[in-house]
Amino acid sequence: MVLRQLEYLVALAREKHFGRAAEACHVSQPTLSAAIRLLEEDLGAPIVERGHRFVGLTPQGRMAVEHAHRILAETENLRHGLEEIDKGLTGRLRIGAIPTALPIVSHLTGPFYARFPGVTVAVLSLTSQEIERRIEDFELDAGLTYLDAEPIERVKAKPVCIEEYLFLTPASGVFANRGNLSWSEAAKTPLCLLTPDMQNRRIIDGVFRSVGAKPIPAMETNSIFNLVSHVSAGLWSAIVPRQLLRFFGVPRGTRAIELIEPTARRTIGLVMSDRDPPSPLARNLFAMRWPANIAPLIEPPDR
């Protein structure tokens, strides 16, 4: 059994197609298929359900994939650890961030890159569930996600900021001159909301339920930026995180109004796999002391 065979197996499990897996590994399909058969011989167990095309993995195959993820991750960590001793931290830091955290992620990646210029940083916009799965499968080094709404298990966590919510509405709308607005009132307006697969949407739905409201969204999107742009069109309002408007400002033609009754808050933080030894990349990210300009994000914002 060699590492290359395990890489082929992980690619096949991910792509669920021999041709796409071979393409992802930059080899021919016969090469990948032959390597999988050799792996089955080495392990003495069937890995792939046989058919004219990829059908699925056997129970033994699913177990093999779990171990393959760990073996490949530990091998990569070993390489990074040896390189760190020899020439400083190198490699590719993979961070998954929930869409509402994208405006603040540069506060973390900027200082990290300044400290470790030999590292390439990759940031992906993902749902909290995708972040959890990819950390579990060693496809991410760290995640930026909610810590207290639907907490991720088997991770180390470090709080980064408090998320609060504002009612973004057209400047010509009926609530444009209000200083604050209750969640019950907001539920009665045509709303543009994130799609139900996004945890931010589930949080907002939960706040509405707490006041006995169940709004029917007039428009849904999985992009936080698309959410804001649709409010600018003058037809919808939206519930948006305060940090989004802190970063980009209030869009022209809109008003941001405080949401009250209740005042809802959620904690966003860094997460990494809780395993020893940790990934050198994730370990160094967690050890960073961020500059003073991120401090306002860590405490609840001033009223």
Side-chain angles (χ1 to χ4, degrees), residues 1-83 89-99 102 105 109 113 118-145 195 197-198 221-223 226 272-273 275 279-282:
M1 182 171 60
V2 297
L3 292 175
R4 182 67 65 183
Q5 291 172 322
L6 298 181
E7 291 174 356
Y8 294 166
L9 175 60
V10 168
L12 181 60
R14 181 182 67 247
E15 301 294 338
K16 298 179 173 56
H17 187 276
F18 278 98
R20 291 195 298 268
E23 184 177 355
C25 295
H26 307 291
V27 297
S28 67
Q29 183 171 329
T31 297
L32 184 137
S33 298
I36 296 295
R37 289 187 181 276
L38 284 174
L39 182 59
E40 289 178 315
E41 292 178 8
D42 289 342
L43 296 177
I47 291 176
V48 179
E49 296 282 1
R50 297 301 175 191
H52 294 295
R53 62 184 65 184
F54 179 81
V55 177
L57 298 174
T58 64
Q60 298 94 321
R62 290 191 290 273
M63 178 180 289
V65 169
E66 292 178 6
H67 284 271
H69 276 300
R70 287 197 291 271
I71 292 169
L72 293 174
E74 291 301 336
T75 302
E76 189 69 12
N77 288 343
L78 173 60
R79 290 196 184 103
H80 289 156
L82 295 176
E83 290 175 354
L89 193 64
T90 60
R92 182 179 177 85
L93 174 65
R94 303 160 300 173
I95 302 173
I98 55 175
L102 290 174
V105 70
T109 56
Y113 182 74
V119 175
T120 300
V121 180
V123 178
L124 300 177
S125 177
L126 301 169
T127 68
S128 57
Q129 293 171 339
E130 288 173 323
I131 291 172
E132 180 175 16
R133 181 191 64 78
R134 294 195 187 201
I135 287 179
E136 184 72 19
D137 289 345
F138 304 94
E139 295 175 10
L140 290 176
D141 299 294
L144 195 58
T145 186
T195 49
D197 62 314
M198 312 295 287
T221 176
N222 65 353
S223 166
N226 197 28
M272 62 179 282
S273 179
R275 68 175 188 272
S279 157
L281 293 167

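Everything quoted here is computed from the prediction, not taken from an experiment.
- Applying the side chain to side chain donor-acceptor pair (under 3.5 Å) rule to pairs touching residues 17-35 yields Ser28-Thr31, sequence neighbours excluded.
- By the side-chain hydrogen bond (donor to acceptor under 3.5 Å, both in side chains) test, Glu76 pairs with Arg79, His80, sequence neighbours left out.
- Atom CZ of Arg92 has 12 or fewer neighbouring heavy atoms from other residues, nucleotides or ligands inside a 6.0 Å radius.
- Considering only residues two or more places apart in sequence or on other chains, Gln60 meets the side-chain hydrogen bond (donor to acceptor under 3.5 Å, both in side chains) condition with Thr58.
- Between the side chain of Asp141 and the backbone N or O of Ala282 there is no donor-acceptor pair closer than 3.5 Å.
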Apply the test side-chain contact (heavy atoms from CB on, under 4.5 Å) to residues Leu93 and Tyr113: give CA-CA distance (whole Å), side-chain angles for both, the deciding distance (0.1 Å), then the verdict. CA-CA 10 Å; Leu93 174 65; Tyr113 182 74; over 6 Å; no
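- Side-chain contact check for Thr195 versus Thr221: every heavy-atom pair is 4.5 Å or farther apart.
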Is there a side-chain contact (heavy atoms from CB on, under 4.5 Å) between Leu9 and Leu39? Walk through the geometry before answering. CA-CA 9 Å; Leu9 175 60; Leu39 182 59; 3.9 Å; yes
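- One N or O on the side chain of Glu40 and one on the backbone of Ile47 form a donor-acceptor pair closer than 3.5 Å.
- Scanning both residues, Pro280 and Leu89, for their nearest heavy atoms gives CB-CD1, 4.0 Å.
- Taking OG1 from Thr145 and CD1 from Ile98, the interatomic distance works out to 4.5 Å, rounded to the nearest 0.5 Å.
- When side chains are defined from C-beta on, Leu140 does not count as touching Ile95, because their heavy atoms never get closer than 4.5 Å.
- Ser273 meets the side-chain contact (heavy atoms from CB on, under 4.5 Å) test with Ile135, Arg275; sequence neighbours excluded.
- In this structure, the side chain of His69 does not engage the main chain of Phe138 through any donor-acceptor pair within 3.5 Å.
- The shortest heavy-atom contact between Ile131 and Leu144 is CD1-O, 3.8 Å.
- Considering only heavy atoms from C-beta on, Pro99 comes within 4.5 Å of Met198 through its side chain.
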Return all side-chain donor-acceptor pairs below 3.5 angstrom for residues 119-129, not counting sequence neighbours, or 'none' if the list is empty.
unit_1, atom_1, unit_2, atom_2, d
Thr127, OG1, Glu130, N, 3.1
Thr127, OG1, Glu130, OE1, 3.4
Ser128, OG, Gln199, NE2, 2.7

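- Counting only heavy atoms from C-beta outward, the side chains of Asp42 and Gln5 approach each other to under 4.5 Å.
- We find the NE2-CG distance between His67 and Leu43 to be 10.0 Å, quoted to the nearest 0.5 Å.
- To the nearest 0.5 Å, the span separating CD1 on Ile36 from OH on Tyr8 amounts to 9.5 Å.
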Test Arg4 against Glu7 for salt bridge (charged side-chain N to carboxylate O under 4.0 Å, His left out), laying out the working first. CA-CA 5 Å; Arg4 182 67 65 183; Glu7 291 174 356; 2.9 Å; yes
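- Taking Arg134 as the reference, nothing meets the side-chain hydrogen bond (donor to acceptor under 3.5 Å, both in side chains) condition, with sequence neighbours excluded.
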